[in-house]
Asks: 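Okay, here's the structure, questions in a sec.
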2 protein chains.
Amino acid sequence: MTMPALPGVSAHCRKMSSVLSIVGDKWTVMIVMVLIERPRRFNDLKRTIGGISQQMLTRTLKALERDGMVSRTVHPTVPPQVEYALTELGYSLSEPLRALGAWAGAHIEKIGENRLRYDGSGAPTSTSPLPLPR
Amino acid sequence: MTMPALPGVSAHCRKMSSVLSIVGDKWTVMIVMVLIERPRRFNDLKRTIGGISQQMLTRTLKALERDGMVSRTVHPTVPPQVEYALTELGYSLSEPLRALGAWAGAHIEKIGENRLRYDGSGAPTSTSPLPLPR
DNA sequence: CGGAATCCCGCTGGATACTG
DNA sequence: CAGTATCCAGCGGGATTCCG
């Protein structure tokens, strides 16, 4: 609850924490990335992403719809079909996201090496930090 | 090595989940953003960020050091001084992070409006989705 | 098929106290 | 000052089941 009176830093912090509540979410990013290609239906998304529970898919899609990042279109056919697509806002987010993806592609291997080297030399395996994703 | 049937989607997913384990972390991003300005000492970081426990600061810094994103320099003075600074890798991450920050600055208000409108019209407040940060 | 509601476990991460 | 070690509450999120 401490309020440092630094306009520069804390302003950035506020913005970042705002965007982090969106971007920091694993599934949110996944969904946006997948929807860049083309609109998808619910189970199509579920299958494409793989590893997401329908609960989290529903929640995340609803949050994204709430934020105006994706549109939800219901086709009143016999088996109900619901299509999700990125809005303009959603697309705009995909751009910095792509930048992040590019950074990952360029540096993720290096990071893997760094971790191996760090763990190799007198590594305090103690409260093991961020696990290396595979 | 890699690459089953869908090189496009699943490849991106893998990259993204890797980078998300870094970027998705609130404190990691905070620390990197703060260290962009200049190197800082432990308690300096703690004070500047504000709201982080020293435990999380220690953990996150160690993880960043492990990844080769920040350097840790110990000055063997009477009260021990430890300076943390971004490495080249850390700086390179700060660029896409800035892009994200810029996106946030440009669209975060619009998102706030969208949420209000969505909540206003027949909003299922049920398992309330992502909370609106203030 | 798309989605809501319940249950429940595990890990994240905060508070606190101790050490070099 | 910098860091470690415990303890523990909260909630993120998976599995399952039921509805329109």
Side-chain angles (χ1 to χ4, degrees), chain A residues 1-2 17 20-31 35 39-66 70-85 122-133, chain B residues 17 20-31 39-66 70-85 122-131 133:
Chain A
M1 305 291 278
T2 46
S17 60
L20 275 182
S21 63
I22 297 173
V23 168
D25 188 71
K26 179 184 175 185
W27 299 125
T28 299
V29 174
M30 290 286 201
I31 291 174
L35 285 182
R40 302 247 186 187
R41 289 179 33 207
F42 189 87
N43 280 321
D44 191 2
L45 268 174
K46 190 168 185 300
R47 257 175 269 113
T48 304
I49 293 178
I52 188 175
S53 64
Q54 79 293 48
Q55 157 128 282
M56 284 318 295
L57 184 54
T58 301
R59 278 190 196 176
T60 310
L61 282 172
K62 195 176 293 181
L64 283 170
E65 189 196 353
R66 178 171 176 252
V70 306
S71 62
R72 180 175 177 275
T73 311
V74 180
H75 299 277
T77 59
V78 184
Q81 298 190 1
V82 183
E83 265 215 346
Y84 293 91
T125 323
S126 56
T127 43
S128 76
L130 299 178
L132 185 145
Chain B
S17 60
L20 275 181
S21 62
I22 298 174
V23 168
D25 187 71
K26 178 184 175 183
W27 299 125
T28 299
V29 174
M30 291 286 201
I31 291 174
R40 302 247 187 187
R41 287 174 40 202
F42 190 87
N43 280 321
D44 191 1
L45 268 174
K46 189 167 183 303
R47 259 175 267 113
T48 305
I49 293 178
I52 188 175
S53 63
Q54 79 291 48
Q55 158 125 283
M56 283 318 295
L57 184 54
T58 302
R59 281 190 195 177
T60 311
L61 282 173
K62 194 176 293 184
L64 284 170
E65 189 196 354
R66 178 172 177 252
V70 306
S71 63
R72 180 175 178 275
T73 311
V74 181
H75 299 278
T77 60
V78 183
Q81 297 191 0
V82 182
E83 265 216 344
Y84 292 91
T125 324
S126 56
T127 42
S128 77
L130 299 178

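So that the names make sense, note that chain A is the first sequence line, chain B the second, and so on, each numbered from 1.
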Asks: Atom CG of A:Leu57 to atom C1' of D:dG13: distance rounded to whole Å?
Replies: 13 Å
Asks: By the definition side chain to side chain contact (heavy atoms under 4.5 Å, CB included), identify the one residue from B:Val29, B:Asp25, B:Thr28 that meets it with A:Leu20.
Replies: B:Val29
Asks: Considering all heavy atoms of both residues, which atom of B:Lys46 and which atom of B:Ser53 are nearest to each other, and what is their separation?
Replies: CE-C, 4.4 Å
Asks: Could you tell me the separation between the CD1 atom of B:Ile31 and the P atom of C:dG13, rounded to a whole number of Å?
Replies: 12 Å
Asks: How many whole angstroms separate atom CG of A:Asp25 from atom P of D:dG14?
Replies: 10 Å
Asks: Within less than 4.0 Å of OP1 or OP2 of D:dC1, is there a side-chain N or O belonging to B:Tyr84?
Replies: no
Asks: When you measure from the side chain of A:Gln55, which nucleotide among D:dA2, C:dT6, D:dT16 comes out closest?
Replies: C:dT6
Asks: Any side-chain N or O of B:Arg41 below 4.0 angstrom from OP1/OP2 of D:dA2?
Replies: yes
Asks: Would you give the length of the straight line joining atom CD1 of A:Ile49 to atom NZ of A:Lys26, rounded to the nearest 0.5 angstrom?
Replies: 10.5 Å
Asks: Does A:Asp44 form a side-chain contact (heavy atoms from CB on, under 4.5 Å) with A:Tyr84? I'd like the steps, not just the answer.
Replies: CA-CA 10 Å; A:Asp44 191 2; A:Tyr84 293 91; over 6 Å; no
Asks: Verify the contact: side-chain N or O of A:Lys62 to OP1 or OP2 of C:dG3, cut-off strictly under 4.0 Å; return yes or no.
Replies: no
Asks: Grab the CD-C1' distance between A:Glu65 and C:dG2 for me, whole Å please.
Replies: 13 Å
Asks: Looking only at non-hydrogen atoms, find the nearest pair between B:Pro76 and B:Val74 and report the distance.
Replies: CD-O, 3.5 Å
Asks: Could you check how far CD1 of A:Ile52 sits from C1' of C:dG3, rounded to whole Å?
Replies: 14 Å
Asks: Does B:Arg59 place a side-chain N or O at less than 4.0 Å from the phosphate oxygens OP1/OP2 of D:dG3?
Replies: no
Asks: B:Thr58 has a side chain; which of D:dT4, D:dG13, C:dG13 sits nearest to it?
Replies: D:dT4
Asks: So, does A:Lys46 get its side chain near the phosphate of C:dC1, meaning an N or O under 4.0 Å from OP1 or OP2?
Replies: no
Asks: Check DNA chain D against residues 74-82 of chain B and give the residues with a non-hydrogen atom under 4.0 Å, in numerical order.
Replies: B:Pro80, B:Val82
Asks: Taking side chain to side chain contact (heavy atoms under 4.5 Å, CB included) as the criterion, tell me which of A:Leu35, A:Ile31, A:Val82 meets it with A:Arg40.
Replies: A:Leu35
Asks: Please report, rounded to the nearest Å, how far the P atom of C:dT12 is from the NZ atom of B:Lys26.
Replies: 15 Å
Asks: From CE of B:Met56 over to C1' of D:dA2, roughly how many Å is that when rounded to an integer?
Replies: 17 Å
Asks: In whole Å, what is the span from the CD1 atom of B:Ile49 to the P atom of C:dG13?
Replies: 14 Å
Asks: Any non-hydrogen side-chain atom of B:Arg72 less than 4.5 Å from a side-chain atom of B:Val70?
Replies: no
Asks: Which nucleotide wins on minimum distance to the side chain of A:Gln54, given the candidates D:dG14, C:dA4, D:dC1?
Replies: C:dA4
Asks: Nearest to the side chain of A:Arg72, which nucleotide is it out of C:dC1, D:dC1, C:dG3?
Replies: C:dG3
